[in-house]
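Notes to accompany the following structure.
As the structure lists them, so they are numbered: ligands from 1, and atoms in each ligand from 1.
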Amino acid sequence: MSKPPVKYSGPDRVFSGVQPSGDMHLGNYLGALKKFADLQNDHECVYCIVDLHAVTVWQDPAKLAGQTRNIAAAYLASGVDPDKAIIYPQSKVAAHTELAWYFNCVARIGWLSRMTQFKEKSGRNAEAMSVGLYDYPVLQAADILAFKATHVPVGEDQKQHLELSRDIAQKFNNDFNVPGFFPLPEPLIKGPGARVMSLRDGTKKMSKSDPSDNSRINLTDSPEKIAKKIRKAKTDAGVMPETVAEMEDRPELKNLVGIYGAFSGLSDQEVLSQYAGQGFGVFKPALADLAVEILRPVSERMNTYLDNPDEIDRILAKGADAAAEIATPIVADVRKVMGFWGT
Ligand code: AQP
């Protein structure tokens with residue numbers, strides 16, 4: 001009979017990240033940022049701005065540093081407190097790339113070839129994509145495990161990548177006979193807003209890289225723009241149904257009801273009970289009012305931080321030092337475990 005795996009006995013730690021690859025949108029806010037702020041009160045939290053992930057697709061060098069400050073401003077505006085959580089840019093801490101290389105030698109090509117996000121992002125053009133885009137989930141495993149993080153708040157879209165991180169951690173522990181060396185990180189996906197869909201197509205997730213700006217609500221959109229995007233959001237000709245089961249074949253409606261629920265704290269059924277029988281002419285303006293009420297203060301705080309880039313830079317530099325202090329000795333231990341000269 002095989003022995004049960006040895007449990008990791010280190011402290012709980014939360015790690016997550018967002019790419020500085022464009023404007024932050026409602027999906028990022030509900031799926032990630034809001035949870036980041038909630039977790040910092042009772043967990044040790046490390047929140048990275050994953051610029052090394054962003055460059056897996058072309059990023060304009062003249063804009064990358066500004067986009068990184070933008071994400072930092074979004075973290076801060078969403079309530080992440082730099083005195084409680086570590087906020088830093090990934091490229092400032094070398095442990096990420098070093099551990100990613102070791103994990104490249106642990107992960108299997110077959111595992112990576114099953115990753116659906118690569119297939120979605122590369123479409124029919126996989127041969128022309130960067131090697132980095134293919135290898136992205138291995139770097140993500142290194143991001144998490146360089147901190148021996150035990151919990152990872154992410155949106156639903158990252159579930160498969162998290163499973164890969166667990167597989168890599170388990171294989172490393174087995175291959176080098178170090179049971180419990182790495183934790184098997186748990187995704188924290190539950191909660192409203194775990195999967196916000198495009199406003200133009202309810203079957204596609206809301207995404208920074210969608211060419212249509214009308215597909216998403218950006219955190220920096222003005223109240224007028226938010227209201228207009230919701231008014232123009234794709235819907236069908238029906239009215240609001242009475243039950244959740246009746247939304248199954250109406251993805252756009254389901255998405256808008258989910259967003260309303262995430263903003264108001266109501267369940268999908270409670271939202272429907274409030275609007276059953278009404279047309280979108282009633283529901284959309286109500287949703288727009290709610291969206292503006294919640295997002296206006298976030299956007300205002302974000303702009304205040306962006307007006308003060310020196311303060312953002314100070315927070316990022318301090319965060320990078322704190323992050324390196326945790327990750328550098330962990331990666332040094334990995335080197336030792338693998339038997340490199342001089343360890
Ligand atoms: N639509 C979404 N609904 C809920 N959560 C979402 N997240 C992203 N989109 C949604 C969550 O936001 C965090 C940061 O994501 P990211 O920017 O690092 O990468 P991504 O998932 O690839 O986001 P985008 O917007 O789709 O970026 P691009 O277009 O640049 O690839 C993650 O926790 C993610 O789950």
Within a distance under 4.0 Å of any heavy atom of [X], pick out the atoms of ligand 1 and give their elements.
| X | value |
| --- | --- |
| Q158 | 21 (O), 35 (O) |
| R195 | 3 (N), 4 (C) |
| G31 | 4 (C), 5 (N) |
| V154 | 33 (O), 35 (O) |

Closest protein heavy atom to [atom], given as residue, atom name and distance to 0.1 Å:
| atom | result |
| --- | --- |
| atom 34 (C) of ligand 1 | D157 OD1, 3.5 Å |
| atom 30 (O) of ligand 1 | S21 OG, 2.8 Å |
| atom 1 (N) of ligand 1 | V196 O, 2.7 Å |
| atom 13 (C) of ligand 1 | A32 CB, 3.7 Å |
| atom 28 (P) of ligand 1 | S209 OG, 3.5 Å |
| atom 6 (C) of ligand 1 | G27 O, 3.4 Å |

With a 4.0 Å cut-off, would you call [X] and [Y] a salt bridge?
| X | Y | value |
| --- | --- | --- |
| D201 | K234 | no |
| E248 | K254 | yes |
| K205 | E156 | no |
| K229 | D213 | yes |

*Would you call the rings of H96 and F15 parallel, tilted or perpendicular if under 30° counts as parallel and over 60° as perpendicular?*
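It falls in the tilted class, 30° to 60°.
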*asked:* Parallel, tilted or perpendicular, judged at 30° and 60°: which one describes the rings of F36 and Y47?
replied: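 Rings of F36 and Y47: parallel, as their planes differ by under 30°.
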Nearest heavy atom to [atom]: which of [options] does it belong to?
| atom | options | answer |
| --- | --- | --- |
| atom 24 (P) of ligand 1 | H161, M206, K205, Q19 | K205 |
| atom 22 (O) of ligand 1 | K121, E120, K208 | K121 |
| atom 32 (C) of ligand 1 | G155, P187, S207 | G155 |

Proximity flag [X] to ligand 1, non-hydrogen atoms under 4.0 Å:
| X | answer |
| --- | --- |
| N28 | yes |
| H25 | yes |
| S198 | no |
| G22 | no |
| M197 | no |

*asked:* Counting only heavy atoms from other residues, nucleotides and ligands, does the tally under 6.0 Å from CG of D307 exceed 12?
replied: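 Above 12, so yes.
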*Using heavy atoms and a threshold below 4.0 Å, how should the contact between A194 and ligand 1 be classified: side chain, backbone, both, or neither?*
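For A194, the contact with ligand 1 is made by the backbone alone.
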*asked:* Contact between F263 and L26 at the side-chain level, heavy atoms closer than 4.5 Å - yes or no?
replied: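 Touching, per the 4.5 Å side-chain cut-off.
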*Answer yes if the side chains of D143 and H53 hold a donor-acceptor pair under 3.5 Å, and no otherwise.*
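The criterion, which ignores hydrogens and geometry beyond distance, is satisfied for H53 and D143.
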_D210 versus S212, side-chain donor and acceptor atoms under 3.5 Å_ =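 There is no such pair (donor and acceptor under 3.5 Å, judged by atom type) between the side chains of S212 and D210.
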*Which heavy atom in Q40 sits nearest to a heavy atom in A85, and how many Å separate them?*
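Scanning both residues, the minimum pair turns out to be OE1-CB, 4.0 Å.
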_F181 six-ring centre to K148 NZ/CZ under 6.0 Å and within 45° of normal_ =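 Yes, cation above the ring, under 6.0 Å and within 45°.
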